[in-house]
Asker: 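A single structure is presented below for examination.
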Amino acid sequence: MSKKLPVLGIIGGGQLGSMLCEAAGKINVKTVVFSDDKESPAKNFCNRFIYSKYDDLNIIKKFSNLVDLVTFEFENIPYEILNLISKDKNVIPDPKINQILQNRKKEKSFLNKIGIKTTNWALIESKEDILKNVNLLPGILKTCTLGYDGKGQRVINNIDDIKSDWCFSEEYILEKKVDLKKEISVIITRYANGNFSIYEPIENVHKEQILQNSKIPAIISKEILEQSQTNAKTIVEKLNYIGTMCIEYFINEKNELLLNEVAPRVHNSGHLTINAFNISQFENHIRAVCNLKKIDLNKNSNAEMINILGHDIENYRNKSFKSNEFFYDYLKKEIKNKRKMGHLTILKN
Ligand code: ADP
Ligand code: MG
């Protein structure tokens with residue numbers, strides 16, 4: 001007899017939520033999306049859509065009653081909310097893991113403690129803290145929480161860049177600026193029984209801190225390839241993590257592998273897994289959190305993914321595509337400069 005499939009709650013209704021819903025639909029898992037944006041793209045892909053601010057306890061209760069378990073598309077959901085839901089229903093990945101990984105200080109401390117090399121960094125709470133860490137300049141000052149696509153980051157080349165009106169109202173980290181040779185990411189999905197699916201490293205190009213394109217294979221040495229995957233396995237095991245996770249790395253001019261950040265969720269750099277593999281990062285996530293069978297990964301093809309930002313989407317909407325090109329329109333209501341509006345994946349030999 002086949003197992004009864006759970007109804008999956010997903011917090012967040014952006015493009016990642018949409019792609020999770022599509023992957024769930026493919027294997028007959030029903031989805032309920034809870035989003036604080038009335039016009040969420042995922043509205044078009046889920047079975048049921050609930051709109052509310054994330055702190056409305058009555059609606060959270062309603063959402064929780066409709067589903068068997070809950071996952072999320074982004075890590076910046078307040079811990080209290082996830083923790084509250086977890087009193088009623090399983091929240092996977094575990095909100096406690098989120099609490100570590102949504103804070104750059106906690107994230108980097110954890111990684112360094114388990115022996116994984118990151119960029120050199122220091123906790124910054126005042127101007128004096130920067131002056132104590134001038135060895136980290138030129139550096140990047142990042143807010144500990146709530147940053148994405150470069151938001152919450154400032155480059156500091158020298159102490160003159162520290163403006164007198166900065167009030168240091170929250171915690172920051174200062175990170176040494178890395179001479180980047182390359183950036184790669186590794187996507188891994190861990191299942192509840194400890195098995196995992198791991199994708200080959202993906203090579204990423206960022207412009208103004210926003211991902212522009214991703215491709216496989218990444219042109220890297222065998223040592224870096226193995227180290228990047230070994231680290232990924234260590235991290236998911238140490239955290240007893242369930243679901244898909246993305247690990248972003250820098251490779252510096254000395255060919256050292258430095259971990260940049262860990263995303264406890266599906267990731268933009270993994271969009272090419274939809275077309276290039278038999279099982280995408282999204283389907284793997286759904287299978288892992290719903291405790292369904294893991295299917296061995298098979299690569300169909302090499303691939304490149306191009307992010308479509310802002311008004312560029314209008315050109316793509318009028319284009320015709322070849323049979324090896326896959327265009328995704330996130331159906332966002334409003335076009336904004338630099339906003340991720342869609343992507344194109346090109347399969348290559
Ligand atoms: P976000 O949370 O916005 O993704 P990241 O820390 O990953 O923040 O930074 C976004 C991008 O900015 C990186 O992928 C990289 O291209 C660049 N960047 C961030 N930190 C550094 C650094 N210390 N040295 C060099 N480049 C960096
Ligand atoms: Mg990043």
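For the numbers below, each heavy atom of this structure counts, side chains included, while hydrogens, waters and symmetry mates do not.
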Asker: Hey, does the side chain of Lys176 reach the backbone of Asn135 with a donor-acceptor pair shorter than 3.5 angstrom?
Answerer: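 Confirmed, Lys176 side chain pairs with Asn135 backbone.
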Asker: Would the number of heavy atoms belonging to other residues, nucleotides or ligands and lying under 6.0 Å from NZ of Lys294 be above 12?
Answerer: yes
Asker: So Ser228 and Leu257, do their side chains get closer than 4.5 Å, heavy atoms only?
Answerer: yes
Asker: When you measure from the centre of the six-membered ring of Tyr316, is the NZ or CZ of Lys319 closer than 6.0 Å and no more than 45° off the axis?
Answerer: yes
Asker: Are the ring centres of Tyr330 and His343 closer than 6.0 Å?
Answerer: yes
Asker: Does the Asn90 side chain pair with the main chain of Leu69, one donor and one acceptor, at a distance under 3.5 Å?
Answerer: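 Here the side-chain-to-backbone pair does not exist.
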Asker: Just verifying a value: how many Å separate Tyr328 OH and Met305 CE, rounded to the nearest 0.5 Å?
Answerer: 11.5 Å
Asker: Should Val70 and Phe45 be counted in the same cluster of Ile, Leu, Val, Met, Phe, Trp and Tyr side chains packed under 4.5 Å apart?
Answerer: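 Cluster IDs for Val70 and Phe45 differ.
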Asker: Which heavy atom of Ile286 sits nearest a heavy atom of Ala23, and at what distance?
Answerer: CG1-CB, 4.4 Å
Asker: Would you say Asn133's side chain and Ala122's backbone share a donor-acceptor pair under 3.5 angstrom?
Answerer: no
Asker: Going from CD1 on Ile184 to CZ on Phe250, what distance comes out if it is rounded to the nearest 0.5 angstrom?
Answerer: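 It is 11.5 Å, given to the nearest 0.5 Å.
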Asker: Under a 4.0 Å N-O cut-off, is there an ion pair linking Lys38 with Asp36?
Answerer: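 No, no charged N to carboxylate O under 4.0 Å.
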Asker: Tell me whether Asn44 contacts the main-chain N or O of Pro41 through its side chain, where contact means a donor paired with an acceptor under 3.5 Å.
Answerer: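 Between the backbone of Pro41 and the side chain of Asn44 there is a qualifying donor-acceptor contact (under 3.5 Å).
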Asker: Stepwise, does the side-chain hydrogen bond (donor to acceptor under 3.5 Å, both in side chains) test hold for Lys181 with Asn255?
Answerer: CA-CA 8 Å; Lys181 188 167 157 193; Asn255 246 338; 3.2 Å; yes
Asker: Passes salt bridge (Lys or Arg N to Asp or Glu O under 4.0 Å), Lys53 versus Asp56? Steps please.
Answerer: CA-CA 6 Å; Lys53 292 291 152 209; Asp56 184 329; over 6 Å; no
Asker: What orientation do Phe34 and Tyr54 show, parallel under 30°, tilted 30 to 60°, or perpendicular over 60°?
Answerer: perpendicular
Asker: Could you tell me whether Lys222 and Glu226 make a salt bridge, using a distance below 4.0 angstrom between a side-chain N and a carboxylate O?
Answerer: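 Salt bridge flag = yes for Glu226 with Lys222.
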Asker: Run the salt bridge (Lys or Arg N to Asp or Glu O under 4.0 Å) test on Asp161 and Arg154 for me, step by step, so that the C-alpha distance in whole Å, both residues' side-chain angles and the decisive distance to 0.1 Å come before the verdict.
Answerer: CA-CA 10 Å; Asp161 289 344; Arg154 274 196 179 117; over 6 Å; no
Asker: Starting at CG of Asn98, measure out to CZ of Phe74 and round the result to the nearest 0.5 Å.
Answerer: 9.5 Å
Asker: Which atom names give the shortest non-hydrogen contact between Ile219 and Glu203, and what distance separates them?
Answerer: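 In terms of heavy atoms, the two residues are closest at N-OE1, 2.7 Å.
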Asker: Below 4.0 angstrom, N of the basic side chain to O of the carboxylate: do Arg190 and Glu237 qualify?
Answerer: no
Asker: Between Arg287 (side chain only) and Lys293 (backbone N and O only), is there a donor and an acceptor less than 3.5 Å apart?
Answerer: yes
Asker: For salt bridge (Lys or Arg N to Asp or Glu O under 4.0 Å), just list the numbers for Arg265 and Glu75, CA-CA rounded to whole Å, side-chain angles, deciding distance to a tenth of an Å, and then say yes or no.
Answerer: CA-CA 7 Å; Arg265 54 170 171 82; Glu75 63 271 46; 2.5 Å; yes
Asker: Check Ala232 against Ile198 and note the closest heavy-atom contact, atom names and distance.
Answerer: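 The answer is CB-CD1, 4.1 Å.
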Asker: In terms of side-chain heavy atoms, does Lys340 have a donor or acceptor partner in Asn268 at a distance below 3.5 Å?
Answerer: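 Result is yes, a qualifying pair exists.
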Asker: By side-chain contact (heavy atoms from CB on, under 4.5 Å), which residues pair with Tyr148, not counting sequence neighbours?
Answerer: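 Residues passing side-chain contact (heavy atoms from CB on, under 4.5 Å) with Tyr148: Lys151.
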Asker: Are Val266 and Ile92 connected into the same hydrophobic cluster when the rule is that any two of I, L, V, M, F, W, Y join if their side-chain heavy atoms are below 4.5 Å apart?
Answerer: yes
Asker: Is Ile188 linked to Val289 within one hydrophobic cluster, defined over Ile, Leu, Val, Met, Phe, Trp and Tyr using a side-chain heavy-atom separation of less than 4.5 Å?
Answerer: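 Per the 4.5 Å side-chain linkage, Ile188 and Val289 are not co-clustered.
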Asker: Is the NZ atom of Lys61 crowded by more than 12 outside heavy atoms at less than 6.0 Å?
Answerer: no
Asker: Run the salt-bridge test on Lys89 and Asp68 with the 4.0 Å N-O cut-off and return the result as yes or no.
Answerer: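 Looking at Lys89 and Asp68, the cut-off is not met.
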Asker: Any carboxylate oxygen within less than 4.0 angstrom of a Lys/Arg side-chain nitrogen, looking at Glu175 and Lys108?
Answerer: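 Looking at Glu175 and Lys108, the cut-off is met.
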Asker: Can you tell me if Thr244 and Asn284 form a side-chain donor-acceptor pair at under 3.5 Å?
Answerer: no
Asker: Verify, without hydrogens or angle tests, whether Asn103 (side chain) and Glu107 (backbone) share a donor-acceptor contact under 3.5 angstrom.
Answerer: no
Asker: Who are the side-chain contact (heavy atoms from CB on, under 4.5 Å) partners of Lys163, not counting sequence neighbours?
Answerer: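 Residues passing side-chain contact (heavy atoms from CB on, under 4.5 Å) with Lys163: Asp165, Trp166.
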Asker: Check for a donor-acceptor pair, side chain of Glu73 on one end and backbone N or O of Gly14 on the other, with a separation under 3.5 Å.
Answerer: yes
Asker: Is there a donor-acceptor pair under 3.5 Å between the side chain of Asn47 and the backbone N or O of Val32?
Answerer: no
Asker: Tell me, with the steps shown, if Glu208 and Lys338 meet salt bridge (Lys or Arg N to Asp or Glu O under 4.0 Å).
Answerer: CA-CA 10 Å; Glu208 295 170 8; Lys338 293 187 185 170; 2.9 Å; yes
Asker: Say whether, by atom type as modelled, one donor and one acceptor occur between the side chain of Ser40 and the main chain of Ala42 under 3.5 angstrom.
Answerer: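 No.
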Asker: For Phe326 together with His271, are the ring centres under 6.0 Å from each other?
Answerer: no
Asker: Using every non-hydrogen atom in the two residues, find where Tyr79 and Gln99 come nearest and quote the distance to one decimal.
Answerer: CD2-NE2, 3.4 Å
Asker: Got a sec: does the CD1 of Ile114 have more than 12 other heavy atoms crowding it under 6.0 Å?
Answerer: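 Counting neighbours around CD1 of Ile114, more than 12 heavy atoms of other residues, nucleotides or ligands fall under 6.0 Å, so yes.
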Asker: Does one side chain, of His206 or Gln212, offer a donor that lies under 3.5 Å from an acceptor on the other?
Answerer: no
Asker: Tell me whether Lys26 is salt-bridged to Glu22, with the criterion being a basic N under 4.0 Å from an acidic carboxylate O.
Answerer: no
Asker: Grouping I, L, V, M, F, W and Y whenever their side-chain heavy atoms are under 4.5 Å apart, do Ile77 and Ile10 come out in a common cluster?
Answerer: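 Hydrophobic grouping puts Ile77 apart from Ile10.
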Asker: In sequence, state the C-alpha distance, the side-chain angles, and the governing distance for Asn112 and Thr118, and then conclude on side-chain hydrogen bond (donor to acceptor under 3.5 Å, both in side chains).
Answerer: CA-CA 7 Å; Asn112 294 154; Thr118 59; 3.1 Å; yes
Asker: Could you walk me through whether Ser185 and Ser269 pass the side-chain hydrogen bond (donor to acceptor under 3.5 Å, both in side chains) check?
Answerer: CA-CA 7 Å; Ser185 56; Ser269 63; 2.8 Å; yes
Asker: If every non-hydrogen atom of Ile59 is compared with every non-hydrogen atom of Ser52, which pair is closest and at what distance?
Answerer: CG2-CB, 3.5 Å
Asker: Where is the tightest heavy-atom contact between Thr31 and Cys46, given as atom of each residue plus distance?
Answerer: OG1-CA, 3.4 Å
Asker: Please tell me whether Ile306 and Leu309 are part of a single hydrophobic cluster in this structure, the criterion being side-chain heavy atoms less than 4.5 Å apart.
Answerer: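 Different hydrophobic clusters.
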Asker: I need the Gln227 CD to Leu259 CG distance, nearest 0.5 Å.
Answerer: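 Going from the CD atom of Gln227 to the CG atom of Leu259 covers 10.5 Å.
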Asker: Supply the atom-to-atom distance Leu239 CG to Ile97 CD1, rounded to the nearest 0.5 angstrom.
Answerer: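 Rounded to the nearest 0.5 Å, the CG-CD1 separation comes out at 5.0 Å.
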Asker: Can a donor-acceptor pair be found between the side chains of Asn318 and Glu314 at a distance below 3.5 Å?
Answerer: no
Asker: Is it true that, when you exclude Arg48 itself, more than 12 heavy atoms of the residues, nucleotides or ligands shown sit nearer than 6.0 Å to its CZ?
Answerer: no
Asker: For Tyr199 and Phe277, I'd like to know if the aromatic rings sit close, meaning centre-to-centre distance below 6.0 Å.
Answerer: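 Yes, they do, as the ring centres are separated by less than 6.0 Å.
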Asker: Within this structure, what is the CD1-CG distance for the pair Ile116 and Leu258, rounded to the nearest 0.5 Å?
Answerer: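 Interatomic distance, Ile116 CD1 to Leu258 CG, rounded to 0.5 Å: 12.0 Å.
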Asker: Just by distance, do the side chain of Lys43 and the backbone of Val33 share a donor-acceptor pair under 3.5 Å?
Answerer: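 Here the side-chain-to-backbone pair does not exist.
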